[in-house]
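Below, all heavy atoms of this structure are taken into account, side chains as well, without hydrogens, waters or symmetry copies.
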Amino acid sequence: MGLDMYLTGDKYKEINVDYVDGFPLKTQRLDLGYWRKHAPLHRFIVDKYAGGKDDCRPIHLASDQLYEIAEAIREDKIISNEDSHGFFFGNSEWWDELRSEREEHAQTFEKAAGWLNIDTQEYWHTVEYQASW
């Protein structure tokens, strides 16, 4: 058990032309990112985009918000280790290791923002962050 963090994208079709098992396929769910016990990042997203309410519900993110998260990660502006505690949320050593991978994590959010901005008349996209613990 612990904090599992998911960044997912839904690709919606405007015209339903594909069928799966006899039912119209309206969306494809994509795995855009995953983190394990990165409590400082989780706390940052919840505080900034969910009003501090940590109830494991999806948090819908716009491209500008995804870019803000990437910048915060890259510039180490997410909350400190001391503000992220609890049995299920990892420990300072683990968070320091995750922070050492900040460029990779920032690029994940930037890639999601770019994908969200793809301009097409056939599809539209949404991105959400959700955690479970």
Side-chain angles (χ1 to χ4, degrees):
M1 293 186 79
L3 177 64
D4 292 300
M5 305 158 58
Y6 305 91
L7 189 66
T8 57
D10 286 310
K11 182 177 182 179
Y12 294 91
K13 292 183 117 182
E14 191 141 328
I15 301 171
N16 299 317
V17 294
D18 296 329
Y19 286 82
V20 174
D21 297 333
F23 297 98
L25 177 67
K26 292 186 177 188
T27 184
Q28 294 174 319
R29 177 146 278 208
L30 307 174
D31 178 10
L32 304 178
Y34 172 78
W35 298 266
R36 176 95 172 121
K37 293 188 177 189
H38 195 336
L41 175 59
H42 172 71
R43 187 82 260 145
F44 177 85
I45 293 171
V46 167
D47 287 349
K48 188 146 177 90
Y49 305 108
K53 188 173 182 181
D54 188 4
D55 58 7
C56 293
R57 291 185 188 210
I59 300 170
H60 295 277
L61 298 168
S63 63
D64 60 327
Q65 294 169 322
L66 293 163
Y67 283 123
E68 287 174 357
I69 295 167
E71 181 181 340
I73 293 169
R74 188 170 280 123
E75 296 179 7
D76 201 22
K77 293 184 178 178
I78 59 177
I79 66 170
S80 70
N81 292 355
E82 293 75 32
D83 294 326
S84 305
H85 48 75
F87 174 73
F88 294 110
F89 297 119
N91 58 46
S92 290
E93 184 178 311
W94 177 251
W95 302 324
D96 289 342
E97 183 177 329
L98 289 168
R99 276 190 166 96
S100 74
E101 301 166 349
R102 72 175 55 124
E103 185 58 33
E104 178 184 336
H105 301 308
Q107 287 177 10
T108 297
F109 283 95
E110 288 173 338
K111 186 174 178 182
W115 176 79
L116 195 57
N117 287 330
I118 294 174
D119 187 20
T120 177
Q121 297 204 7
E122 187 178 350
Y123 297 98
W124 73 94
H125 305 105
T126 61
V127 172
E128 68 183 30
Y129 167 80
Q130 187 169 10
S132 66
W133 43 273

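His38 has its side chain out of reach of Glu101: every pair of non-hydrogen atoms, C-beta onward, lies at least 4.5 Å apart. Using a 4.5 Å cut-off on side-chain heavy atoms (C-beta onward), Gln107 and Arg74 make contact. Using a 4.5 Å heavy-atom threshold, the side chains of Glu128 and His60 count as touching. Counting heavy atoms from C-beta on, the side chains of Asp76 and Arg102 come closer than 4.5 Å.
Using a 30° and 60° split on the angle between ring planes, Tyr6 and Tyr34 fall in the tilted class, from 30° to 60°. Trp35 and Phe109 have parallel rings, their planes meeting at less than 30° on a 0 to 90° scale where 60° marks the start of perpendicular.
Here the shortest heavy-atom pairing between Pro40 and Ile78 reads CB-CD1, 3.9 Å. Ala50 approaches Ile59 most closely through the heavy-atom pair CB-CD1, 3.6 Å. Scanning all heavy atoms of the two residues, the minimum distance from Ala112 to Leu7 falls at CB-CD2, 4.0 Å. In this structure, Glu68 and Tyr49 approach most closely via the heavy-atom pair OE1-OH, 2.6 Å. The two residues Leu61 and Leu66 make their nearest non-hydrogen contact at CD1-CD2, 3.8 Å. Minimum heavy-atom separation, Asn117 to Ser63: OD1-OG, 3.2 Å.
Linking ILVMFWY residues whenever their side-chain heavy atoms come closer than 4.5 Å, directly or via other members, leaves Trp124 and Leu25 in distinct clusters. The hydrophobic clustering, which links ILVMFWY residues whose side-chain heavy atoms are closer than 4.5 Å, places Ile69 and Tyr67 apart. In the hydrophobic clustering of this structure, Val127 groups with Ile118; members are Ile, Leu, Val, Met, Phe, Trp, Tyr whose side-chain heavy atoms approach within less than 4.5 Å, directly or through other members.
To the nearest 0.5 Å, the span separating CD1 on Ile73 from CD on Glu110 amounts to 9.0 Å. Distance check, rounded to the nearest 0.5 Å: OG1 of Thr27 to CG of Asp10 gives 4.0 Å. Rounded to the nearest 0.5 angstrom, Asp18 CG and Lys26 NZ are separated by 13.0 Å. One finds the CG atom of Leu3 at 8.0 Å from the CG atom of Asp54 (value rounded to the nearest 0.5 Å).
Remark: the Tyr123 side chain and the Gln28 side chain contain no N/O donor-acceptor pair separated by less than 3.5 Å.
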